[in-house]
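Values reported hereafter were calculated over all heavy atoms of this structure, with side chains retained and with hydrogens, waters and symmetry mates removed. The structure displayed is predicted, hence computed values, not measured ones. Each residue takes its place number in the sequence, starting with 1.
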Amino acid sequence: MDKIRALRYFRRVSELNSFSAVAKEFDVPASSISRRIKDLEDELGVELVQRSTRHVKTSELGKLYYQRVNEVLQKLDEADELISQQKNAIKGRISISTSASYGENVLWPVLQAFQQAHPDIILDLDFSDKLVNLNLDSVDIAIRTHLGDKDRVLAKKLASTDMALVASPSYLKQLELETGKKRFSPEDIENASLIIYRTSSGIYPWHYFDDQQWHKIPTKAAFQSNSSATLLSATLNHKGLAVLPFWLIKDALETNQLIKVPTHHPVSSHESFSLELFMIYQKAKYQVPKIKACVDFIEQHLS
């Protein structure tokens, strides 16, 4: 049995929960995937994958085995890349994880320029807010507002952008008529129609600053999404108030399609006036020419 190949099959089956999807990825029959994993189970004397007519599911022991196997295979892949790539050869697949808002509006144009400069690069973009563990997940570069597990990883600050509470002129006028006010309190904001960004773990709570500390605003979303483009569109179409990063709303502010909402206290979607973004990658992977080139290119254009 080719154990390395069997382990690679098992890893992907654990991630995709499908023999057919893995077979398509490796361009082999699904029966070959199942047979290799069965050989692996026979060698270990345990059931790694639970099979039924409709579903494939990793067993409890299989999940433990997957964690160890994934680490070993990642180290092997890194070693292969370091040896096989020529010093100046920048080619192959790069997996990048970033939020949809930053990825679509800021990062993607830079990556297009990088790929144009290095046509042998294959970009694999995952638009997600889910925290990643670079030591376990198959991600080369992550861009996040939180550093997460810093063990064996490097982080470079890419940006710090102001957050602004905004509305369309039409909705702001409506809010003024409803409250009889030109400047709004946290209670006024709480009772307004709110357009809120949603992450994989739920909506971002809003906060206001009273010159001493941040306080949470009880928020109930009238509209929520994990797409910044959708949130911006809803705000432009008079659906309510939104807290959005300056880089997303700059043009709309300059053309008066959106207006900063006057408040008694500053309002943000985080307990800070600005949103910081970091580029995170493994120390070992920075030695791989393609990863180093991509990291340096992103830093040069966005830091």
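- Aromatic pair H265/F209: centroids not less than 6.0 angstrom apart.
- Ring pair W214/H207 is perpendicular by interplanar angle, where above 60° counts as perpendicular and below 30° as parallel.
- Residues R35 and D39 are not paired through a salt bridge, judged by the lack of any N-O separation under 4.0 Å between the basic side chain and the carboxylate.
- Counted by atom type alone, S20 and S18 present one or more donor-acceptor pairs between their side chains at under 3.5 Å.
- A 6.0 Å sphere centred on NZ of K156 holds more than 12 heavy atoms belonging to other residues, nucleotides or ligands.
- K250 pairs by the salt bridge (charged side-chain N to carboxylate O under 4.0 Å, His left out) definition with E254, not counting sequence neighbours.
- Remark: the Q174 side chain and the E178 side chain contain an N/O donor-acceptor pair separated by less than 3.5 Å.
- Under the 4.0 Å criterion applied to side-chain N and carboxylate O atoms, E176 and K181 are not assigned as salt-bridge partners.
- If you chain together ILVMFWY residues whose side-chain heavy atoms come under 4.5 Å of each other, V72 ends up in a group of its own.
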Worked verdict on E43 versus K3 for salt bridge (Lys or Arg N to Asp or Glu O under 4.0 Å): CA-CA 10 Å; E43 179 181 300; K3 190 166 185 177; 2.7 Å; yes
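- Here the closest non-hydrogen pair linking G103 and F127 is CA-CE2, 3.8 Å.
- Considering every non-hydrogen atom in both S272 and S274, the closest pair reads OG-O, 2.6 Å.
- For the residue pair L125 and L111, the shortest heavy atom distance occurs at CD2-CD1, 3.5 Å.
- Using a cutoff of 4.0 Å between basic side-chain nitrogens and carboxylate oxygens, R8 and D77 are scored as salt-bridged.
- The two residues L154 and K283 come nearest to each other via the heavy atoms CG-CG, 3.5 Å.
- Classification of the Y9-F26 ring pair by plane angle, with boundaries at 30° and 60°, yields perpendicular.
- Taking each heavy atom of K260 and V166 in turn, the nearest pair found is CA-CG1, 4.2 Å.
- Judged purely by distance below 3.5 Å, without hydrogens or angles, the side chains of R144 and T98 never pair a donor atom with an acceptor atom.
- In terms of heavy atoms, N105 sits closest to S228 at ND2-OG, 3.1 Å.
- Under a 4.0 Å N-O distance rule, the pair E41/K38 does not qualify as a salt bridge.
- A side-chain N or O of D296 and one of Y286 form a donor-acceptor pair less than 3.5 Å apart.
- More than 12 heavy atoms of other residues, nucleotides or ligands lie within 6.0 Å of CD in Q213, so this atom counts as buried by the packing criterion.
- By the 6.0 Å contact criterion, CZ on R93 is enclosed, its count of non-hydrogen atoms from other residues, nucleotides or ligands being greater than 12.
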